[in-house]
Amino acid sequence: MPELPEVEVTRRRIVAPMLGARITGVRLGAPLRWPLGIEPTALVGRRVQQVGRRGKYLLIELDHGGLLLHLGMSGSLAWWDDAPPPGRHDHFDLCTDRGTLRLHDPRRFGAVLYVDGAEDARARKLLGALGVEPLEPAFEPVSFHAALRGRRAPIKSVLLAGDVVVGVGNIYASEALFRAGIRPTTPASRLGRTRVARLHAAIREVLQRALDVGGSTLRDFRVNGQDGHFQLELWVYGRAGEPCRVCGTPIRAIRLGQRSTFYCPRCQPR
DNA sequence: TAATTTGCCTGATAGC
DNA sequence: TGCTATCAGGCAAATT
């Protein structure tokens with residue numbers, strides 16, 4: 001499942017070959033989450049000027065407009081110097097004079113949409129409410145604490161909502177909360193400065209570490225066939241019933257906001 | 001078959 | 001009572 005580290009790893013792997021590439025064609029497979037929003041032929045001839053990221057969105061900036069990509073829950077991108085014929089789940093090809101960027105997405109929760117500059121209505125709607133980037137200096141304990149006050153929802157749900165801090169998905173939310181010793185069900189507003197500071201540090205650590213090792217490989221995340229290795233360092237996620245690596249207590253699994261959640265009842269007290 | 005996954009959307013509710 | 005922010009639940013697609 002692509003979370004922020006996986007998206008950033010993807011961005012870094014595709015940016016070099018794509019910079020300056022000129023679009024020669026677009027191939028659309030089965031419909032994704034939203035329509036592209038432009039006639040594919042209208043993109044031919046435009047050049048890639050930058051490949052950026054905001055939260056879990058990738059932004060391919062062109063000399064006019066750009067493409068906003070989201071990998072959903074099963075999407076992955078590959079860069080091919082010479083692309084083979086598309087497979088059943090290859091739903092989008094951006095063909096250029098340098099090679100092809102291909103989106104593989106079996107469950108099609110991903111999206112590719114054309115945005116006409118920074119003021120584009122669809123882009124503003126998707127990106128406008130996003131929280132702070134967790135690995136940037138703007139993410140710091142004092143404002144994080146302030147943002148959590150008044151949120152009565154469980155802290156894990158608030159992290160997943162993405163309007164306070166972006167990029168913390170289901171896996172990393174459970175992992176960060178374990179490292180901070182905070183139970184996922186704790187109302188966000190009940191966290192004091194000390195625990196918020198611990199959570200802040202834990203989020204940065206877990207995301208930075210995942211980024212360093214190339215992202216998680218859970219389900220089918222991979223970039224050009226290379227796996228990430230973060231799954232070897234999971235402390236609670238997917239470990240229901242197994243002993244906590246710290247205290248030996250069986251890891252508990254619950255549903256929180258329709259999502260599976262894991263925690264150690266002893267290391268993460270109420 | 002039901003469960004699983006993400007993030008947007010809708011309708012309900014809390015709080016000012 | 002009315003407004004806004006927040007919250008819980010639903011949905012999409014494919015696989016197991």
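Since the model is a prediction, treat every value here as computed from it, not as a measurement. Throughout, protein chains are lettered first and strands after them, A, B, ... in sequence-line order, and every chain is numbered starting at 1.
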- Task: Calculate the interatomic distance between L71(A) atom CG and dC8(B) atom P; express it in whole Å.
- Result: 13 Å
- Got a sec: does the CZ of R266(A) have more than 12 other heavy atoms crowding it under 6.0 Å? no
- Task: Using atom CG of L103(A) as one end and atom P of dT6(B) as the other, report the distance to the nearest whole Å.
- Result: 17 Å
- Message: So if I take every side-chain heavy atom of R107(A) and compare against dA13(C), dG10(C), dC8(B), which nucleotide ends up nearest?
- Response: dA13(C)
- Item | Atom pair distance, as rounded to whole Å: CG in L58(A) and C1' in dG7(B) | 16 Å
- Please work out whether the ring planes of Y57(A) and H70(A) are parallel, tilted or perpendicular, with thresholds of 30° and 60°. perpendicular
- Item | Y57(A) side chain near dT6(B) phosphate (N/O to OP1/OP2, under 4.0 Å) | no
- Message: Counting only side-chain heavy atoms from C-beta out, which of dG9(C), dA8(C), dG7(B) sits nearest to Q258(A)?
- Response: dG9(C)
- Query: From the list dA14(C), dC9(B), dT5(B), which nucleotide is the closest neighbour of the side chain of R108(A)?
  - Reply: dA14(C)
- Run the salt-bridge test on D93(A) and R102(A) with the 4.0 Å N-O cut-off and return the result as yes or no. yes
- Item | N/O (side chain, H89(A)) to phosphate O (OP1/OP2, dA13(C)) under 4.0 Å | no
- Item | Proximal nucleotide (of dC8(B), dT15(C), dT6(C)) relative to the R152(A) side chain | dT6(C)
- For the side chain of R88(A), starting at C-beta, report the closest nucleotide among dT5(B), dC9(B), dT15(C). dT15(C)
- Output yes when at least one side-chain N/O atom of Y172(A) is less than 4.0 Å from OP1 or OP2 of dT6(B), else no. no
- Task: Measure the distance from CG on L130(A) to C1' on dG7(B) and round it to the nearest whole Å.
- Result: 11 Å
- Query: Does a distance-only test, which skips hydrogens and angles, find a donor-acceptor pair under 3.5 Å between the side chain of R151(A) and the base of dT6(C)?
  - Reply: no
- Message: Expressed as a whole number of angstroms, how long is the span from L148(A):CG to dT6(C):C1'?
- Response: 14 Å
- Message: Between C1' on dT6(B) and CG on D105(A), what's the gap in Å once rounded to a whole number?
- Response: 11 Å
- Item | Of H91(A) and G257(A), the one whose closest DNA chain C nucleotide lies more 5' | G257(A)
- Message: Can you measure I171(A) atom CD1 to dT6(B) atom C1' for me and round it to whole angstrom units?
- Response: 11 Å
- Do the side chains of V26(A) and F92(A) get nearer than 4.5 Å, heavy atoms only? yes
- Separation of dA8(C) P from I254(A) CD1 (nearest whole Å): 13 Å
- Message: Counting the atoms with a prime plus P, OP1 and OP2 as sugar-phosphate, which does R255(A) contact under 4.0 Å by heavy atoms, base, sugar-phosphate, or nothing?
- Response: sugar-phosphate
- Select one nucleotide: of dT4(B), dA8(C), dT6(B), the one nearest the side-chain heavy atoms of P154(A). dA8(C)
- Query: Within the structure, does a side-chain N or O atom of R259(A) lie under 4.0 Å from either OP1 or OP2 of dT5(B)?
  - Reply: no
- Message: For a quick test of reading the model: is some side-chain N or O of S260(A) closer than 4.0 Å to OP1 or OP2 of dT5(B)?
- Response: yes
- Message: More than 12 heavy atoms of other residues, nucleotides or ligands under 6.0 Å from CZ of R270(A): yes or no?
- Response: no
- Message: Taking 4.0 Å as the cut-off, does a side-chain nitrogen or oxygen of H70(A) come that near to OP1 or OP2 on dG7(B)?
- Response: yes
- Message: Holding to ring pair (Phe, Tyr, Trp, His ring centres under 6.0 Å), I want the full list of residues that pass it with H145(A), two or more places apart in sequence or in another chain.
- Response: none
- Query: Among dC8(B), dT5(B), dC7(C), which is the nearest nucleotide to the side chain of R33(A)?
  - Reply: dC8(B)
- Considering only dT5(B), dG7(B), dA8(C), which nucleotide approaches the side chain of F109(A) most closely? dT5(B)
- Task: Could you tell me whether N170(A) contacts a base, only the sugar-phosphate backbone, or nothing, with contacts defined as non-hydrogen atoms closer than 4.0 Å?
- Result: sugar-phosphate
- Message: Taking the side chain as everything from C-beta on, heavy atoms only, tell me whether P265(A) gets closer than 4.5 Å to R252(A).
- Response: yes
- Note: for K125(A) and G72(A) on DNA chain B, the residue whose nearest nucleotide lies more 5' is G72(A)
- Query: Within the structure, does a side-chain N or O atom of K56(A) lie under 4.0 Å from either OP1 or OP2 of dT6(B)?
  - Reply: no
- Message: Base, sugar-phosphate or nothing for L160(A)? Non-hydrogen atoms, less than 4.0 Å.
- Response: nothing
